[in-house]
Structures are given as structure tokens and as C-alpha cells.
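Here is the structure we will look at.
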Amino acid sequence: MLDKILRTFLVAALAASSCAYAQHAPTQPQKQPSASAQQRPLPDIKRLNAHVSYLASEPLEGRRTGTPGATLAAHYIASEFHRLGLTPEGNAENIKRNKVESREYLQRFPYVAGVELGKANAMTWMPGASADSMNRRETLDLRLGEDWTPLGVSANGRVEGASVVFVGYGIKASELNYDDYAGGAASGKAALAFEGTPDASDPHGRFARWGGLPFKASAARAAGAKALVLIASGENFREENERARLAYDPASGDAGLPVVVVSRVTAARLLGLAGAPQLAEFEKKTREAALAANAVSSTAAGRNPHAAKPSVNGSLNITTDVKRLDAEAYNVVGTIRGSDPKLNDEYIVVGAHYDHLGRGGTGSLAARPGEIHYGADDNASGTAALLELARMLSERRHSLRRSVVFVAFGGEEEGLLGSNYYVTHAPVPVERTVAMLNMDMIGRLKDERLTVGGVGTAAEWKGWIERANARFTVRLAGGVASAPTRAEGAGGRPVGYEMPVVVGTNGEVVATGSPQRFRLALNEDGFGPSDHSSFYARKIPVLFFFTGTHEDYHKPSDTAERVNYEGLARVLSFVDDILSEVLAADARPTYQLARSEAQGRATGFRVYLGTVPSYADSTDGMTLDGVREGSPAEKAGLKAGDRIVKLAGRDVRNVYDYTQALSGMKADEEYEVEIVRGGERLTLKIKPTARK
């Protein structure tokens, strides 16, 4: 029976297509760009597995940017570039003499990995006058690490004799018509607020967007508070994770005011409560009132509208001293020079980010920090594909017309830090970069579904993608024979058929076939949450390859054994086919403005400006990485590189201030936006449109 089935399989497969291959053998396109390309190497599944297994291994501890694990990963990638004979740009002569060291492939960019406490931190509580104290004020020194501690976003400073006002959860959300600071009671005082949100740990709660620490700090500063004092959510203050408390968010820089957290016992003392149980009951009432409120307002300044709060009778002295820790952070860059004397000064960038989330914290979806987030799919899969593609091209380097720059980016998870740095400090002229292909999370191919973004950024992309995908593919299967099933991509767009091509005598389907390699979901937009966005902002055509999210996304369970290596090899072969089109074409891809997908996303904002914010370290305004063409921002005269310092009457230090300002704006109303451009401060007029 088995021999008969195998003979039937071979006959049917060959009859269906002269170039049909088995599922686990990545195939070549029917039409090749050149004769030499017909012999180009295939992806090696064992190599892909080895790269992912190392990058997602325990010694690298999740590759969080700025950590030793990320540095190990960078050196591993650099050594592979060196072994394959890639050139660190500007060192071509040295590499011929075998004198280049792997460190020369490293492009360092500025990065603050976190903070440590300095020696000057101090906090004292001066209770108000009482009968028991016979009107004498007794100063209580609060113990650092036991009663209180500064947080990583805190600015350094000293606040003396600050009165304290309780502000609920310290949230301002204009789009919800909710403001814990209504009435202006916090101006000139220390704002005391619970950590978290009234939704508790619900990531989909109505307050979830505004409950993050940077947003709370932004709201406190905008309300005129001198300091923000948060009440710890956990009972065991000393045992709680110090790493999480001292986490540093490059997008917020320092908060512009002292930000500290106090233990629940200390908070009860400040609020005049008997102890932690009474504080828990008070928090419950505050939460219930906040959830029930459609709006927060106060007719009497200084009164909390949620619940009857105890009087905060006393004042605080706070001195914060935190030191920013610069860390090693790298892109890894290697080049294969083209052989065509007319085209080898044109460059195609192929990229993938190698960083991940370390042991959790910011960006993690795990229940608690501390466990290694291995990041096998995100994005050891794309980095492994980058290394394997570098090998494949190095073996056929003499047939390449254009030059190819391979870049493994750092800092992607922190906000595209590495790719933003690359486009402003590129070792090759950005204007001679003709295209950028980005691979991010391509290790979980399922049901043949592959997303390709950026297809609207060049006139040639759709034709090249269609040609690369037009392949009759035979796959081993199981089940009962039935009529052909129409495969559909995004929005129900048909992309091909899945049909039985080999059926056993018992009616079981042995193999199925499809005239398409993948069920493609095509997205035109060149902007997106990965490194290609930095290149599209510079008007460079881009493509983005992605096999989709999954239940292990940003969790410790994203491990090497869960990667679909055969699928990874097939995606890489597809990328190689498209890259070969760019390499062989006489003319560079024709840049064009892509249809924006931004307004269709559920962002929660009521208005649209069309800005692309930078998430790099900032304390003096929010820099724009790009401006969408035809958007209100472009019509207002905003440009990439502008630094927004004030929007709609609100000072802007960072992206969180900008977001707060945006949330309070209304469609079709004109607002002022102040920017710094080339050292000059300008005031422009902008009119947001309603988000569709």
C-alpha cells in the first residue's frame, strides 16, 4: 500500500507542476532574475535552528537592550558576519587582509539601561499640629528601601514643606471626561495617589491606557504638582522587585518632578488611617467610586469626588537622587558589495531586530517580572533568517548587482531606537538606500498565512510579490478528499486554492496542492511597529514580513522548540526571491506614498494628526520621526526632525505629554503647536480631523 501511494504521489505531483517540491524543501521561483540566480543556495533548516537556539538560550537572558545578554547576542551576530566575509563599511581593504575584528561591525548608539540610587535620597514627614503633640511638629525620617524609594522616572530635586493632597489614582483622561486633578487642588503640593488603575489588573479596562507610570507623572506635572507620591500596591514593600521600580523608559526620560513610592504602612500614616487594613478599605471605596463616575469634577478645590477621604494633615520634605546608567547598545552592520559598477553604490538594507525583553518588566505580558523572556520568535527567528540570508548571498556575491547591507537592530522593543539611530548615522548614504526589507516574528507560520506590510511603498512591490508567491506547492496532508477549498487573505481576498492532489484507496488525502506558496495578507502602509518604519519615514520603499502573533507573544514561553523551522525556511526563501528581484532590476524601486492604515486602527483617540513620534530618550520635547503625507500635521507644516515642545496649550517634554495633549483635542478645531526646528522656535496652527 505504501509503495503504491508513494508512486501515485510522485506521478500526481510531477503532473501538477514540473517544479513542485515536498513540504520541507524550500523551492525556487519559476522565473529567475538571472541565469546565475538559478543556482542560488537554499535556506538550511539546521542552521536556522542553531541560530535561534543560541539567541533564545538561557545565558543570553532574553537579550534586553543594554544587558550583557544583548551584548553577547551582538557579538555572536558580528562574528557570523565576519566569518561570512561581510564588510564593515569603510574597512574593505582590512577585510581582504583578514584584519577586521568582529567588534568593527558594531554600531553603538546611546542608551540608558536604568538608574541606580545616589547617596542624597531623603524623605521626612512632618505631621500637622494636634492636641496630643501640644501643637509641636515632630519630624519623622522615613527609611529608604523600607518606607519609601524613588522610582526610575524620577527627576532629581528637592521639595521642602510640601502639603499633601490625595488625588485618587492620579489619572487624567480627557477622552473619558475623567480627571483626578480637577479643581486644581494639587498645584504647588505633593500629589498622593494609588498605584495602578481603578480597573486593577485588567489590561483591557477603560483606564488601562492612562494608568502607566509615565502618564501619571505627566498628569501630575501638568496639574502643577511639586512631586508625585505613589502608594505601593503590594504589602511587602522591601521584598518587591527593585529592578521594576528602577526601570527606565527612554520615551519619557525623567518625569520633570520627583516621583517616589511609599509603603502601604507609610501611606496609612500620611492619610491618618490606623493601618494597612483601613487603607485597603479606603482604596476599595475609591476604586468603586471611580468606576461608577462618568466624570470627575469638584466644586470645592481640594476635595476628592470619589470618596470621603481622610485629611492629609502634614507636609513632606523629599530629596531624590537617581543616577542614569549608560549601557552598551549596538546595531550590527555588515555589507556585501555588488558587482555591477553602475549599481553597486545603491544599497538594499535587510534588517531584523535581535533584542527582546530580558527578564520582563516594561512590555512583558507575563504575570510578574523575573523570568527569562527567551524571544525565540520575537525576534530570534528574524535574526536567524538574517544570518542565513547573509550566508546565502555571500555564496553568490559575484552575481549581485547592487550592494546589500545586513543590519541586526538593537533597541526595537524600547521604541525603534537602533533603526532610528541607523537612518541618522548610516555608514552608507541614506539617499542611496533603494529599499529596506524587514523580518520580525517570522517563526510561527501556521495555515500558510504570511503578512507582508509596506506593499504600497513602491510601485513594483505587488508585481514582485505576486510573482514570488505564484508557485504550485504540494503539502503532505490527512483527511477525506473533498472539493477544492478557496484560500482567502485579509478581507476575504482570494489568493488561491487548496485541493487534494494525492488520494489513497481508502479515501484519505495524502497530499494537497495550491497554486500559491502562502495565503498572503497584504498591508500597504509603510509605517508600523517595527524597524522598517524608520526607513519609510525617510521615503525609502519598505517591506515587512510577519507570520502573526500568538499566545506566547512577550511571555517567557516564547521558546526555541516552539518555532516552526520548516516554515521559517520557506518564508526566508520567499524573502530571498523578492530580494533577488530588487537586486537584478535595472531601475531602483519607485517610491510612492502608501495608503495609510493608521486611522482604521483602534487607538482610542478621537482625533488624528498624522505624526510619527520618536521614542528615543527625551526630556526637552517630542521629536518627530515622520509625518504622514496629506495629514493635518503635514498641512500644518510639520516635518520629520521637528521637536514639539508645546501642543494645545500643554508643555510637551516627551511622548506621554504629547499623548495627554492629543487626548484633549477636538476634531476640526484649530490649535497652536510650538516646535523647535534647527534651533529656531516656531509656532504653527494645526487642525486635527476626526479619527475614522
Side-chain angles (χ1 to χ4, degrees), residues 54-78 103 105-116 152-153 214 241 243-244 246-254 323-333 351-366 369-384 386 407-425 438-441 529-534 553-556 558 613-618 625 654-655:
Y54 174 72
L55 292 168
S57 65
E58 188 170 336
L60 271 64
E61 294 192 286
R63 313 183 306 280
R64 170 76 80 171
T65 301
T67 66
T71 300
L72 282 174
H75 281 281
Y76 174 81
I77 297 163
R103 61 181 174 81
Y105 296 87
L106 303 180
Q107 181 189 46
R108 185 166 183 172
F109 58 87
Y111 183 72
V112 177
V115 302
E116 66 180 10
V153 301
N241 193 309
R243 181 194 299 265
L246 294 180
Y248 182 78
D249 183 353
S252 65
D254 74 62
K323 296 181 179 180
R324 270 59 185 170
L325 301 176
D326 293 328
E328 295 182 9
Y330 302 103
N331 296 323
V332 191
V333 186
H353 77 89
Y354 69 89
D355 65 302
H356 193 54
L357 300 180
R359 290 186 174 270
T362 303
S364 171
L365 297 179
E371 294 183 72
I372 295 175
H373 289 51
Y374 294 96
D377 185 31
D378 186 13
N379 185 37
S381 65
T383 306
L386 182 78
V407 189
F409 297 107
E412 190 270 354
E413 299 288 2
E414 279 74 18
L416 315 185
L417 303 184
S419 55
N420 277 329
Y421 187 84
Y422 177 90
V423 296
T424 56
H425 300 81
N438 182 32
M439 299 176 288
D440 193 349
M441 293 180 63
S530 193
D531 292 304
H532 58 284
S533 184
S534 301
Y553 174 70
H554 279 198
K555 296 178 182 177
D558 182 12
S614 170
Y615 292 88
D617 201 320
S618 175
D625 278 346
N654 52 47
V655 70

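Just so you know, these numbers come straight off a predicted model, no measurement behind them.
- With sequence neighbours excluded, the residues that form a side chain to side chain contact (heavy atoms under 4.5 Å, CB included) with Val423 are Ser534, Phe535, Arg538.
- Listed by chain and number, the residues in a ring pair (Phe, Tyr, Trp, His ring centres under 6.0 Å) with His75 amount to none (sequence neighbours excluded).
- For Asp531, the side chain to side chain donor-acceptor pair (under 3.5 Å) partners are Ser419, not counting sequence neighbours.
- Applying the side chain to side chain contact (heavy atoms under 4.5 Å, CB included) criterion to Ala384, with sequence neighbours excluded, gives Leu48, His51, Val52.
- Side chain of Arg63 to main chain of Ala73: no donor-acceptor pair is present (N/O by atom type, distance under 3.5 Å, no hydrogens or angles).
- In this structure Tyr354 satisfies the side chain to side chain donor-acceptor pair (under 3.5 Å) test with no other residue, sequence neighbours excluded.
- Applying the salt bridge (Lys or Arg N to Asp or Glu O under 4.0 Å) test to Glu61 and every residue at least two apart in sequence or in another chain returns Arg359.
- The nearest pair of heavy atoms linking His532 to Asn438 is ND1-ND2, 3.1 Å.
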* Asked: Hey, mind stepping through Val115 and Leu325 against side chain to side chain contact (heavy atoms under 4.5 Å, CB included) and telling me if it holds?
  -> CA-CA 5 Å; Val115 302; Leu325 301 176; 5.6 Å; no
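- Listed here is the closest heavy atom pair of Asp355 and Glu413: OD2-N, 3.0 Å.
- Listed by chain and residue number, Tyr553, His554, Lys555 satisfy the side chain to side chain contact (heavy atoms under 4.5 Å, CB included) test with Leu365 (two or more places apart in sequence, or in another chain).
- Between Ala70 and Thr65, the closest heavy-atom pair is CB-CA, 4.1 Å.
- Under the salt bridge (Lys or Arg N to Asp or Glu O under 4.0 Å) criterion, Asp558 pairs with Arg444, sequence neighbours left out.
- Under the rule for a side chain to side chain donor-acceptor pair (under 3.5 Å), the partners of Asp625 that lie at least two apart in sequence or sit in another chain are Asn420.
- For the pair Val332 and Val407, the minimum side-chain heavy-atom distance is 4.5 Å or more.
- Heavy-atom minimum distance, Pro556 versus Ala366: CD-CB, 3.8 Å.
- A heavy-atom distance below 4.5 Å is found between the side chains of His353 and Asp378.
- Contact check for His356 versus Leu60: no side-chain heavy atoms found under the 4.5 Å cut-off.
- A salt bridge links Glu414 with Arg64; the closest basic N to acidic carboxylate O contact falls under 4.0 Å.
- The shortest side-chain heavy-atom distance between Glu328 and Leu106 does not fall under the 4.5 Å cut-off.
- Listed by chain and residue number, Asn331, Val333, Tyr421, Tyr422, His425, Pro427 satisfy the side chain to side chain contact (heavy atoms under 4.5 Å, CB included) test with Gln107 (two or more places apart in sequence, or in another chain).
- When all heavy atoms of Ala327 and Ala113 are compared, the closest pair comes out as CB-CB, 3.5 Å.
- Remark: His373 pairs with Ser364 by the side chain to side chain donor-acceptor pair (under 3.5 Å) rule, at least two apart or across chains.
- Scanning all heavy atoms of the two residues, the minimum distance from Asp326 to Val112 falls at OD1-CG2, 3.8 Å.
- Panel note: side chain Thr383, backbone Asn379; a donor-acceptor pair is recorded below 3.5 Å.
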* To do: Would you check, one step at a time, whether the test side chain to side chain contact (heavy atoms under 4.5 Å, CB included) holds for Leu72 with Tyr54?
  => CA-CA 10 Å; Leu72 282 174; Tyr54 174 72; 4.1 Å; yes
